[in-house]
S.K.: 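Here it is, the structure in full.
Proteins get letters first, then strands, A, B, ... in listed order; numbering begins at 1 in each. Everything quoted here is computed from the prediction, not taken from an experiment.
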Number of protein chains: 2
Amino acid sequence: MNNLIINIKVHEGLYLIDPQTTKLGRRIIEHSVRMIDEMGMECFTFGKLSKEINSAEPSIYRYFENKHQLFVYLLNWYWEWVAARINLNTMNIESAAKRLKIVLDVIADSAKKNSSIEFVDEEALHRIVVQEGAKAYHHKKVDANNKEGFFLAYKQLCEKIADLVLEINPNFPYPRSLASTLVETANNNLYFAQHLPRLTDVKDEENRLSQSVKDLLEYFCFGIIYAYDFTKNGKHEKTLLSLQN
Amino acid sequence: MNNLIINIKVHEGLYLIDPQTTKLGRRIIEHSVRMIDEMGMECFTFGKLSKEINSAEPSIYRYFENKHQLFVYLLNWYWEWVAARINLNTMNIESAAKRLKIVLDVIADSAKKNSSIEFVDEEALHRIVVQEGAKAYHHKKVDANNKEGFFLAYKQLCEKIADLVLEINPNFPYPRSLASTLVETANNNLYFAQHLPRLTDVKDEENRLSQSVKDLLEYFCFGIIYAYDFTKNGKHEKTLLSLQN
DNA sequence: TGTAAAAGATAGTAAAACTATTATTTTTTT
DNA sequence: AAAAAAATAATAGTTTTACTATCTTTTACA
């Protein structure tokens, strides 16, 4: 299992100076990931970060316009990294269903990691995505941010999943909604298992959490994709809709 | 279509003085809903609210410990209101599947409203739930808040849905995850249709948005519930799992 | 070696999130 | 109706955050 060097390219609108290209920039990434993971976005400030890296607050502002932009930068880095892992692990696989399963594996974080970039703690970053990710777009500036490309990586990932779904079942009516639901459901169930266990059936036990989430995603995903097509001996009848009453 | 008087009871840990019992309290609710809907949680402050209602900041602090507690109070009010509408609309219905469909109707906001409480704008509150709701539990104090009952209304609603799912299919393995996924998927697709349309298949057109979301929820929900049970002429075989490869 | 860009150091502003104090009004009790 | 209690209003103050301005020093590199 080699650790391949993957180069993560993050959208230009998400920084003033590309942090991956300078020493200070990489220190900002490294320590902001660790600090946000430890204290959460609310308590994390540029002031605290600058002390932690023995730098000055204005220096950080030369890389990122504000805390929110840094946050979105980190999320994009994560989704680009997920996309890279998906590409790497699916490139030689013929079956679309098998490729989709690998995607579910990666978004549930149960796939073997095969990249390591020294200044990014991907596990801490994944915890940030699970705990804080929804805040990236749940605010009043979402439309302005969207125009600036803040959510491109996430949207591209969902589109990739939607295309896979359509490859498996070209008649499926909700490929985009299914894609976003799968990603959100992965994060939610990981989070709920740890903090609001009555909202999930997966258990935070024995290091099997991400595998359980993957099983859940497969069950939901393939259930939805095939449900209305394979009832009654494969005839395309809306059998279920009549069974419901 | 009578407007029934429904009394919404919110968990005691969510306020210092019950705002529904005093004039100032009701003014706080009324104007905070309107202001949060207009400016979002980030821009909303107790200072601005106190000016708006010609009161003083410390007076508001005697009702709610802080902005976050007020926010969670409003969300709980909303989920209690949803639960009340569900109870009202399902009480005389025999079929569990029909009851579940009514639940989906209410959480997608496409059911006829049948309550009106003069000082709460339920449509504005629903927009707040869709746009800001996830922030209630995505932070580092989630466990402490959970112990204080901040999420009781939401968890009870999900449990009610999970019980309905089990009533329809007692063998279903993920009732809680399905329940939370349905509620989250309802909110997400309403939000995506308006702000991130590439993440959903429903369209924000012609006042049919909530009906489209309801159709989506039914498709996902009943697809998942029945998928693995009714393949191959109703035999309980894991046909789909073998079809996937 | 010289120049430009980056980084560091220091200081400052505006607003938010509270808290404390005191005065006034309203409500309740006797 | 008067006294006591509770709620509200008014004012002022503290700490922290988010951000800006300015100036000096260091580093990169041509």
Side-chain angles (χ1 to χ4, degrees), chain A residues 12 14-32 35-36 38-74 119 132 135-136 139-141 144-145 148 150, chain B residues 12 14-32 35-36 38-74 119 132 135-136 139-141 144-145 148 150:
Chain A
E12 285 191 6
L14 286 165
Y15 50 77
L16 301 171
I17 301 170
D18 184 350
Q20 293 190 113
T21 63
T22 74
K23 218 169 162 180
L24 179 60
R26 289 187 292 268
R27 284 171 62 73
I28 290 172
I29 302 304
E30 179 181 356
H31 286 85
S32 59
M35 289 173 79
I36 294 170
E38 280 168 14
M39 61 180 69
M41 275 303 289
E42 277 71 33
C43 289
F44 171 77
T45 70
F46 278 7
K48 288 173 187 166
L49 172 61
S50 66
K51 268 177 201 154
E52 198 74 10
I53 62 179
N54 294 312
S55 181
E57 220 178 324
S59 301
I60 298 169
Y61 276 101
R62 282 209 300 284
Y63 282 82
F64 297 100
E65 278 174 34
N66 49 52
K67 186 168 86 167
H68 185 248
Q69 199 191 32
L70 165 58
F71 172 52
V72 175
Y73 176 93
L74 296 178
F119 60 95
E132 317 272 352
K135 288 173 201 163
H139 51 71
K140 286 286 176 187
K141 290 178 184 154
N145 284 356
E148 292 183 58
F150 278 33
Chain B
E12 284 191 8
L14 286 165
Y15 50 78
L16 300 172
I17 301 170
D18 183 348
Q20 293 190 113
T21 63
T22 73
K23 218 168 162 180
L24 179 61
R26 288 187 292 269
R27 281 172 65 71
I28 290 172
I29 302 304
E30 179 181 356
H31 286 86
S32 60
M35 290 174 79
I36 295 170
E38 279 168 15
M39 61 180 69
M41 274 303 289
E42 277 71 34
C43 289
F44 171 76
T45 70
F46 278 8
K48 288 173 188 165
L49 173 61
S50 66
K51 269 176 202 154
E52 198 74 9
I53 62 179
N54 294 312
S55 181
E57 221 179 324
S59 300
I60 299 169
Y61 276 101
R62 290 196 358 274
Y63 281 82
F64 297 101
E65 278 175 33
N66 50 52
K67 186 168 87 166
H68 185 250
Q69 199 191 31
L70 165 59
F71 172 53
V72 176
Y73 176 93
L74 295 178
F119 60 95
E132 317 271 351
K135 289 174 200 163
H139 52 72
K140 285 287 177 187
K141 290 178 185 155
N145 284 357
E148 292 183 59
F150 278 32

S.K.: Listed by chain and number, what are the salt bridge (Lys or Arg N to Asp or Glu O under 4.0 Å) partners of B:Glu38, not counting sequence neighbours?
M.R.: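 B:Arg34.
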S.K.: Would you kindly give the OH-to-P distance between B:Tyr61 and D:dA10, to the nearest whole Å?
M.R.: 18 Å
S.K.: Which whole-number value in Å describes the distance from A:Met41 CE to D:dT17 P?
M.R.: 13 Å
S.K.: Can you sort out which residues in residues 46-60 of chain A have a heavy atom within less than 4.0 Å of DNA chain D? Ascending by number, please.
M.R.: A:Lys48, A:Glu57, A:Pro58
S.K.: Side chains of A:Tyr63 and A:Leu24, heavy atoms from C-beta outward: is any pair under 4.5 Å?
M.R.: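 The answer is yes; the side chains approach within 4.5 Å.
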S.K.: Within a strict 4.5 Å, meaning less than it, do heavy atoms of the B:Asp18 and B:Tyr73 side chains meet?
M.R.: yes
S.K.: List for me each residue that meets ring pair (Phe, Tyr, Trp, His ring centres under 6.0 Å) alongside B:His68, sequence neighbours excluded, and say none if there are none.
M.R.: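 Applying ring pair (Phe, Tyr, Trp, His ring centres under 6.0 Å) to B:His68 gives B:His139.
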S.K.: Whether the side chain of B:Lys140 engages the backbone of A:Glu42 through a donor-acceptor N/O pair (distance < 3.5 Å, no angle test) should be reported.
M.R.: no
S.K.: CZ of A:Phe64 versus P of D:dA18: gap in Å, rounded?
M.R.: 16 Å
S.K.: Using side-chain contact (heavy atoms from CB on, under 4.5 Å) as the criterion, list what pairs up with B:Phe119, not counting sequence neighbours.
M.R.: B:Gln20, B:Arg26, B:Ile29, B:Glu30, B:Ile117
S.K.: Which nucleotide of DNA chain C is the first, and which the last, in the 5' to 3' direction, to come under 4.0 Å of a heavy atom belonging to chain B?
M.R.: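 Taking any atom under 4.0 Å from a heavy atom of chain B, the span is C:dA16 to C:dA20.
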S.K.: Take atom CD of A:Glu42 and atom P of D:dT16, then tell me their distance rounded to the nearest Å.
M.R.: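 Between P of D:dT16 and CD of A:Glu42: 18 Å.
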S.K.: Can you list the residues that meet the side-chain hydrogen bond (donor to acceptor under 3.5 Å, both in side chains) rule with B:Glu132, with sequence neighbours excluded?
M.R.: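 Once residues adjacent in sequence are excluded, the partners of B:Glu132 under the side-chain hydrogen bond (donor to acceptor under 3.5 Å, both in side chains) criterion are B:Lys135.
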S.K.: Does B:Arg62 make a side-chain N or O approach to OP1 or OP2 of D:dA7 shorter than 4.0 Å?
M.R.: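 Answer is no, no contact under 4.0 Å.
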S.K.: Do A:Arg27 and A:His31 have side chains that get closer than 4.5 Å, going by heavy atoms?
M.R.: yes
